[in-house]
Every structure is written in C-alpha cells, then in structure tokens.
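Scroll down for the structure; my scribbles are underneath it.
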Amino acid sequence: MDLEEARDALFAQLVPHSASECISLTQAQGRIAAEAVRAQLPLPPFPASAMDGYALRQQDTSNHETFRVVGQSLAGHPYLGSIHAGECARIFTGAVVPDGADLIVLQEQVAELATDQNGEKNVRFMPHEADEDYIRPVGNDVELGQQMTQPGDRLSPLLLGALAAAGVSELNVYQRPKVGIFSSGDELRNPGTPPEALALGQIYDSNSFTLASLLRHLPIDLITLDRLPDDPDAVEEALAEASRRCDMLITSGGVSVGDADFIGATIARLGELSFWRLNLKPGKPLAFGNIGDCWVFGLPGNPVSTIVTCLLLVMPSLHVLCGTVPKPLLRIPATLASPVSHHPGRAEYQRGIYSQNASSGSGLSVKHTGDQGSNRLSTFSGANCLIEIPEDSGDLAVGAGVNILLLSDLLT
Ligand code: AMP
Ligand code: MG
C-alpha cells in the first residue's frame with residue numbers, strides 16, 4: 001500500500017468516538033465541537049460607532065452650520081436621548097449610536113468647538129465629503145442565530161473567541177478518546193538512567209517521549225504504558241489488558257520480521273490485523289488492526305520511522321477518532337537545493353529545510369538535512385518539512401522540482 005491508499009483505508013475503517021459532553025468555553029481549547037452552536041445575539045448587538053467623532057443626522061449636514069453637543073456616548077455608557085435637528089452627540093469607537101443619528105463625523109473634521117454663554121458646547125465641521133457613515137449596523141458581523149460551529153470543528157483560539165463574542169459559554173464536544181502508548185524492546189531503558197548504568201547494548205527509550213509529545217495537543221487522554229519486553233506471552237497479556245481500557249494503542253518497535261518482533265502476530269491473534277507492509281520509507285513495517293473495540297498501530301521502532309509514520313498516518317487517524325475530518329496532505333512545490341539519491345520502489349520522506357528561493361525571489365527551495373538513516377533522530381534537527389520523493393523517482397539533481405510537506409502543518 002502506498003501512503004494515500006493507507007490513509008484512505010484507515011479513514012474508511014476508523015469510527016469517530018461519538019459520545020459527547022457539555023463543557024465550558026474556558027475548557028474547550030483544542031476540543032472538537034459535537035453540535036451546531038448558534039449565536040445568542042447579533043454582533044454588534046446595537047448600532048455601533050466605528051470611529052471617534054460626533055453622531056448626528058445626515059440630513060442636517062446641508063442646512064446646519066454648527067451642531068449643539070447634547071451628550072456623549074462612550075463604549076459601555078450610551079447616550080440615552082435622541083438626536084434632533086441641529087444636534088449631535090460626542091461618540092467614541094464601539095459606543096451605541098443614539099436614536100435619530102445616522103452619521104458619524106470624524107473628530108478630525110472638527111473646525112471649531114466652542115462653549116457658549118449658557119455653557120453649551122457647539123461644534124462646527126470643516127467642509128468635507130462624508131465617504132461613509134462609520135456606523136456598524138446590528139448583525140453586521142454575525143446575525144442572531146447564525147451557525148458558528150458544526151459537529152467536527154476543532155475549537156481553535158480564533159473560533160473560541162468568536163463563540164465568546166456571540167454569547168456562548170458552554171457547548172457539547174466529543175469525549176476524549178483514551179490513547180495508550182507502548183514502547184517495546186529489551187534494550188530500552190528510561191531516560192534519566194545515568195549513562196554509566198546502561199549495560200552494553202542498552203539505549204534510552206526515546207519513542208514513547210516523542211510520541212507522547214507529538215500527540216499531547218490533541219483532544220485525547222494519553223496514557224503512557226509500561227514498556228513491552230521481547231516476550232510474546234508478556235506482549236499478548238499487556239496488549240489484551242490495555243485494549244480493554246483504551247480506544248487506541250500505539251506501539252513502537254517489534255513490528256518487523258526479526259526474531260523478537262511479536263506485535264503484528266499478537267494483534268492478529270487477539271483481534272484483526274488489517275495490513276502491515278507499506279510502500280514508504282521510512283516506515284515500511286507497520287501494523288494496523290484492532291483488538292475488540294480498540295484500534296492498534298504497531299509503528300516501526302527506528303525513531304525516525306516512528307515519527308514519520310506518526311505524522312503521516314497516526315495523527316490523521318486520531319483526528320478521525322476524535323470526531324473531526326482529517327485534512328488532505330498539503331503538498332507544496334519546491335526546488336531542490338541539494339541533490340537527492342533515491343532508488344525507485346518506495347516513496348521516501350526525507351527531512352528537509354525549506355526557505356524562500358534566494359535566487360529568483362519567488363517560490364521555495366529545499367535541502368535535505370544530510371544522511372537520512374532512519375535511526376538518525378539528528379536528521380530532524382533544523383528540519384521544517386518532509387521532502388516527498390516519489391516512488392518511481394531515481395536520483396534527483398539540484399534544481400529538480402519536488403513536493404514538500406510542512407512540519408508545521410503535519411504537527412497540528
Ligand atoms: P525493532 O523494530 O524493535 O527491531 O526496532 C528497530 C530499531 O529501533 C532498533 O534499533 C531499536 O533499538 C530501536 N528502537 C525501538 N524502540 C525504540 C524506542 N522506544 N526508542 C528508541 N529506539 C528504539
Ligand atoms: Mg525491538
């Protein structure tokens with residue numbers, strides 16, 4: 001299966017978590033709306049001034065020299081009277097436009113502001129063409145009852161701001177799926193163990209930290225589980241137990257065809273294994289299946305493979321599980337600034353650094369981050385994209401056109 005086929009197969013199988021809960025807007029950041037929320041009031045809720053100036057009647061501008069200032073309207077402190085012929089009210093941005101007024105003359109247009117012997121203020125404006133009325137009508141931004149969300153919308157800070165403005169203080173969101181993360185391998189030790197305490201052949205478990213960090217912003221309950229040893233019975237027991245309390249399990253390592261690779265076989269024994277060979281690099285061995293109601297991803301153990309498969313397959317799958325629609329991969333054309341060596345056969349996702357094309361000033365250029373071994377986490381340092389080398393491509397020279405996938409896009 002190639003990447004797109006794998007994604008389509010995943011999206012077709014995964015069923016969103018449908019249970020919802022009502023939460024306060026202050027808790028809703030990053031959650032997925034489970035309902036169509038409607039504006040509780042029009043925005044603005046009253047005719048509002050767009051500028052600082054004077055509110056008056058348009059019809060008076062042709063037959064009045066000066067206007068008597070009868071009051072003032074500040075944001076939150078409206079003038080409650082009406083504006084009659086020859087009158088105006090001092091007004092500021094966001095304040096209610098008083099009854100009768102249908103024009104704001106900007107304060108920059110004031111020619112003279114004088115107080116007469118009765119203590120009354122009069123204002124005279126410079127001759128000018130009023131190009132607009134500077135009044136925001138009721139509902140100009142959002143109408144009463146306007147639909148603000150639909151089920152599946154991710155509640156971004158921008159959307160939350162709009163909901164707050166529209167008088168929404170709580171809403172129904174999908175419950176967080178429970179997602180468990182396993183590392184596997186007898187060679188792994190916890191970070192924090194002093195280097196001198198590592199026996200020969202032991203390394204730190206980085207994948208469970210990377211995976212948890214990659215997924216932390218998603219609306220899921222993350223559970224970091226005890227590491228799986230390279231022992232088939234222990235793997236079976238642990239997966240069976242975790243599958244009963246999680247909606248998805250993600251393992252890394254032990255998914256290839258080595259003597260100590262039990263993940264695929266265990267998923268097949270406990271449930272169903274849907275596929276486990278992908279035509280992409282890094283990430284060839286990958287298991288996906290289910291144990292009862294729990295989805296299981298068996299990711300390859302090489303740290304770069306773990307990350308790339310998580311970005312391209314697991315994160316969009318989690319979007320589906322969380323109740324939202326995964327966005328299609330955003331491929332952006334760029335020009336190679338470093339040569340790429342590639343054997344036809346598998347699509348490859350190299351770590352790259354893109355920047356604005358220096359020579360032509362338009363478009364993007366991209367270089368890879370050096371030797372692309374799938375064990376080399378250092379190939380991610382400085383990287384801001386993945387360079388997609390098509391399956392049938394051979395070596396590519398500087399100047400060749402490629403597509404890149406932005407990490408900033410994949411990480412959301
Ligand atoms: P495996 O698929 O289990 O053979 O693992 C492939 C490679 O990835 C081996 O070199 C493992 O030591 C390494 N590896 C597996 N899991 C992890 C992990 N959690 N953290 C760091 N390296 C790992
Ligand atoms: Mg292993």
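Count residues from 1 along the sequence. Order of appearance sets the numbers: ligands from 1, and atoms from 1 within every ligand.
We find the CD-CD1 distance between Glu170 and Ile23 to be 10.0 Å, quoted to the nearest 0.5 Å.
For the pair Arg351 and Phe380, the cation-pi test (distance below 6.0 Å, angle within 45°) is passed.
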Quick one: ligand 1 N/O to protein N/O pairs below 3.5 Å?
from     : atom 1 : to     : atom 2 : distance (Å)
ligand 1 : 2 (O)  : Gly254 : N      : 3.3
ligand 1 : 3 (O)  : Gly254 : N      : 2.8
ligand 1 : 8 (O)  : Gly301 : O      : 3.2
ligand 1 : 8 (O)  : Asn302 : N      : 3.2
ligand 1 : 12 (O) : Glu187 : OE2    : 2.5
ligand 1 : 14 (N) : Gly301 : O      : 3.3
ligand 1 : 19 (N) : Ser183 : OG     : 3.3
ligand 1 : 19 (N) : Asp205 : OD1    : 2.8
ligand 1 : 19 (N) : Asn207 : ND2    : 3.4
ligand 1 : 20 (N) : Ser206 : N      : 3.0
ligand 1 : 20 (N) : Asn207 : N      : 3.4

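The side chain to side chain donor-acceptor pair (under 3.5 Å) test applied to His84 returns Glu87, not counting sequence neighbours. The side chain to side chain donor-acceptor pair (under 3.5 Å) test applied to Glu112 returns Arg124, not counting sequence neighbours. Contacts of Glu21 classified as side chain to side chain donor-acceptor pair (under 3.5 Å), with partners at least two apart in sequence or in another chain: Arg31.
Checked against Thr251 for a side chain to side chain contact (heavy atoms under 4.5 Å, CB included), the options Thr306, Val235, Leu239, Leu225 give a single hit: Leu239.
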